[in-house]
Amino acid sequence: MQKKVQSQSRKVQTVYTPLTTSSLTIHSRATSKSQSQSNTIKVVQTKKLNRPLIARNKNQKQILQQTNSNQLLTERNLEIDYSLMEPSTTTSIQQQLQLVWQSPYRPHIYTIYFPYPQMLQKKRSQQCLVQQIKKPLYYKLHGQVPFKCILSSFEAAGFERSDDEDNWLIYWGLASKETLKEMKKYQKTNHFPGCWSVGRKDNLWIHLSKIKRKFPTEYYFIPNTYLLQYDFERFEAIRECAHKKTLWIKKPVASARGNGIKLINKKTKLTADKRYLVMDYISNPHLINNFKYDLRVYVLITSIDPLRVYMYKDGLVRFATSEYSLKSKDIKKRFIHLTNYSVNKQSPNFIANNQDLQQQIKASKWSHKEYKKQLLAEGINYKLLFKSIQDIVLKTCIAAEPLLLDSNGKTSEHKTNYFELFGFDILIDETLKPWLLEVNVSPSLNSSSELDATIKTQLISDMLHLIGIEYHTQKAFRIQIKKKLYERNINEIQTINTRNFRQKVNQEDLDVMVQSLEEQLRLGQFKCLYPNKNNITQYEQYFEYPRYHNKLISKYFEDGSNWII
């Protein structure tokens with residue numbers, strides 16, 4: 001079957017190099033011996049990979065033909081081949097050796113390889129590493145110096161901090177409108193315009209309640225919420241009719257770290273304060289050692305159109321530090337009812353997780369791996385639980401997609417420049433049903449313990465590797481500038497197949513598809529929730545409007561043939 005597909009693909013003049021199973025397994029594989037001796041990566045070229053990317057690029061063809069399995073592409077080779085742009089900077093720094101990840105789908109595309117920082121004592125897969133180059137790389141920071149996990153991840157990849165206006169590859173922090181407007185095609189920043197559409201508690205409820213009215217059963221994973229500015233009278237009527245022991249939780253709409261949160265009952269005085277909302281209180285949480293807890297789940301979005309959502313396979317479990325109680329005298333005791341780390345670290349009962357196996361069961365913060373072991377010991381199928389959590393994460397991202405897309409559309413020329421790491425807070429009740437409490441923009445990356453440092457450092461390193469920070473070339477930049485707008489008919493997608501897709505899909509659309517496939521080769525500990533060939537059609541119904549690129553990728557998975565090759 002694969003021979004048939006390859007044979008058909010040769011009839012089409014494609015700019016992509018064929019991707020075969022063998023090329024993925026042997027392409028650019030370095031031995032541990034070569035690493036220890038010279039820290040170099042050998043290039044293993046196959047006959048297919050020596051085919052020119054574009055027939056008109058004669059210089060590239062000559063260089064590739066001259067490269068053998070023992071030759072290293074040096075900085076000079078790359079300058080001749082791709083005319084790499086050097087950052088304009090007057091800073092004098094010591095150049096470091098950099099490893100480059102080469103796309104097996106688009107061999108002219110290189111992204112920066114992020115090895116794990118030394119403290120993790122782990123090695124990342126070296127698949128698709130094809131060359132070693134010597135070139136300064138820069139990142140820029142906004143505001144305070146970020147946490148150590150960020151700094152060490154950049155440092156391991158050879159990045160240095162820059163205060164220059166435009167020589168950076170990645171901007172970390174909330175960038176100004178002027179900075180976003182002036183971004184170049186190859187630069188990235190870690191916040192989407194409109195990220196607060198899910199990062200504020202009131203906005204999150206507005207978006208979820210809208211789709212919840214259409215899918216009440218499927219979106220029954222967030223507690224009923226009342227915005228006091230608009231729902232005050234309705235909530236007061238509900239509270240008056242409720243059982244006398246009913247509890248709610250009052251929260252600021254735009255705050256973090258547990259500030260301003262408190263439990264209320266039927267007697268608590270309230271006003272129509274626009275700064276607060278009230279949620280139903282989940283009074284039957286699942287307990288471990290009689291303590292309440294919640295899960296911090298890390299979610300990465302790398303694109304809105306098409307939507308690309310990833311969930312990290314590890315995270316944090318945060319415990320309250322006093323045993324759970326619903327007695328009226330305990331309502332105001334924050335160490336019982338709140339699981340926020342910022343709150344409970346002040347408790348005299350707080351126990352840090354020091355990685356001591358005998359003490360972990362008593363610690364006030366666990367990893368997801370430790371949590372899963374505990375569930376397994378209790379006879380609980382944690383795989384089903386986390387599958388439900390993945391469902392909540394993806395449905396929440398889909399609900400926020402219209403506003404995120406609208407905000408991103410205002411800077412459509414930069415729509416590939418953004419990525420966002422969210423922190424989802426999930427509560428598990430005694431029936432093992434997960435509930436979404438809130439979504440955090442800029443989740444805390446503070447490493448207050450060895451556990452935090454290990455999880456968050458690998459998280460950031462995996463994220464920066466996955467997003468694909470391009471090692472920019474002048475040629476790629478010229479191609480991007482000359483992109484044309486095409487009229488698209490979403491109804492024609494169903495007629496696309498292996499034989500005709502070249503006539504029906506333009507180069508820009510193909511690039512979008514390939515970017516999705518490339519990211520799935522750089523996952524690290526992330527799991528791709530969307531687009532995922534196993535469930536992509538299942539979630540189509542929840543989108544407010546069908547999107548061309550989402551439907552195109554869905555059709556690609558449905559067809560089962562590899563259009564790219």
Side-chain angles (χ1 to χ4, degrees), residues 25 28-42 94 96-101 111-130 132 137 139 145-161 170 172 296-298 300 310-318 341 351-361 363-374 376 421 423 443-469 519 521-527:
T25 55
S28 313
R29 180 173 295 172
T31 64
S32 58
K33 180 178 179 181
S34 64
Q35 286 181 341
S36 60
Q37 292 178 350
S38 61
N39 194 29
T40 59
I41 298 297
K42 293 184 178 180
Q94 182 179 0
Q96 299 179 3
L97 295 177
Q98 309 297 335
L99 298 180
V100 179
W101 188 93
T111 60
I112 305 302
Y113 172 75
F114 279 81
Y116 289 127
Q118 187 175 2
M119 59 87 62
L120 293 177
Q121 297 182 347
K122 296 183 64 174
K123 290 186 178 181
R124 190 183 299 284
S125 169
Q126 295 181 328
Q127 189 178 60
C128 299
L129 294 186
V130 296
Q132 186 171 311
L137 304 172
Y139 66 93
V145 176
F147 297 112
K148 187 176 180 180
C149 60
I150 300 173
L151 296 177
S152 59
S153 296
F154 277 126
E155 182 181 351
F159 277 77
E160 297 210 9
R161 181 174 178 176
I170 185 166
W172 191 277
R296 168 58 58 88
V297 176
Y298 296 106
L300 173 66
Y310 303 89
M311 180 172 139
Y312 204 61
K313 293 180 181 179
D314 205 355
L316 296 172
V317 184
R318 306 168 309 174
Y341 168 74
I351 302 175
N353 190 318
N354 59 9
Q355 302 288 294
D356 185 339
L357 294 177
Q358 295 181 349
Q359 294 296 323
Q360 282 178 3
I361 193 68
S364 300
K365 187 184 286 188
W366 292 2
S367 69
H368 284 188
K369 294 179 180 178
E370 294 166 344
Y371 175 63
K372 291 174 182 178
K373 290 180 181 178
Q374 176 65 26
L376 193 61
L421 181 69
S444 173
L445 296 173
N446 182 37
S447 300
S448 58
S449 67
E450 183 180 347
L451 174 72
D452 285 276
T454 300
I455 292 176
K456 294 175 182 178
T457 301
Q458 185 168 348
L459 166 71
I460 297 301
S461 182
D462 279 345
M463 179 185 70
L464 293 174
H465 185 68
L466 187 154
I467 62 175
I469 302 172
E519 285 185 355
L521 296 177
R522 302 190 297 260
L523 289 175
Q525 289 298 306
F526 279 97
K527 176 180 176 62

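Any value given below was found using the heavy atoms of this structure, including those in side chains, with hydrogens, waters and symmetry copies removed.
Using a 30° and 60° split on the angle between ring planes, F159 and Y139 fall in the tilted class, from 30° to 60°.
No side-chain donor-acceptor contact under 3.5 Å links K527 to the backbone of K313. Of the possible donor and acceptor atoms, one in the side chain of D462 sits under 3.5 Å from a partner among the backbone N and O of Q525. Side chain of R124 to backbone of F114: a donor-acceptor contact under 3.5 angstrom is found. The backbone N or O of K148 lies less than 3.5 Å from a partner atom in the side chain of S152, making a donor-acceptor pair. Looking only at distances, a side-chain donor or acceptor of R522 sits under 3.5 Å from a matching main-chain atom of H465.
A heavy-atom distance below 4.5 Å is found between the side chains of I467 and I170. Residues Y310 and M463 are not in side-chain contact: their nearest non-hydrogen atoms beyond the backbone lie 4.5 Å or more apart. You'll find the side chain of L421 stays beyond 4.5 Å of the side chain of Y312, heavy atoms only. Using a 4.5 Å heavy-atom cutoff, the side chains of W366 and L316 are not in contact.
Note that the CH2 atom of W101 and the CD1 atom of I112 stand 12.5 Å from one another [nearest 0.5 Å]. Here the CZ atom belonging to F154 is positioned 12.5 Å from the CD atom belonging to E160, to the nearest 0.5 angstrom. One finds the OG atom of S125 at 11.0 Å from the CG atom of L523 (value rounded to the nearest 0.5 Å). Between atom NZ of residue K372 and atom CD of residue Q374 there is a gap of 14.5 Å, rounded to the nearest 0.5 Å. Atoms SG and CG, from C149 and L445 in turn, are 4.5 Å apart once rounded to the nearest 0.5 Å.
Geometrically, K365 engages Y341 in a cation-pi contact defined by less than 6.0 Å to the ring centre and at most 45° from the axis.
When each of D452, T457, L451 is tested with I455 by the rule side-chain contact (heavy atoms from CB on, under 4.5 Å), just one qualifies, namely L451.
Residue S461 comes nearest to P115 through the heavy atom pair OG-O, 3.6 Å, listed as atom of the first residue, atom of the second, then distance. Taking both residues in full, the closest heavy atoms of K456 and S444 are given as NZ-O, 3.3 Å, listed atom of the first, atom of the second, then distance. Listed here is the closest heavy atom pair of I460 and I150: CG2-CA, 4.1 Å. The two atoms that bring Y371 and V317 nearest to each other are CB-CG2, 3.5 Å, heavy atoms only. Taking every heavy atom of both residues into account, M119 and A453 meet most closely at CE-CB, 4.0 Å.
Applying the side-chain contact (heavy atoms from CB on, under 4.5 Å) criterion to K373, with sequence neighbours excluded, gives no partner residue.
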When you look at Q126 and Y113, which way does the side-chain contact (heavy atoms from CB on, under 4.5 Å) test go after all the steps? CA-CA 9 Å; Q126 295 181 328; Y113 172 75; 4.0 Å; yes

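Y298 and D314 form no side-chain donor-acceptor contact under 3.5 Å, judged by distance and modelled atom types alone.
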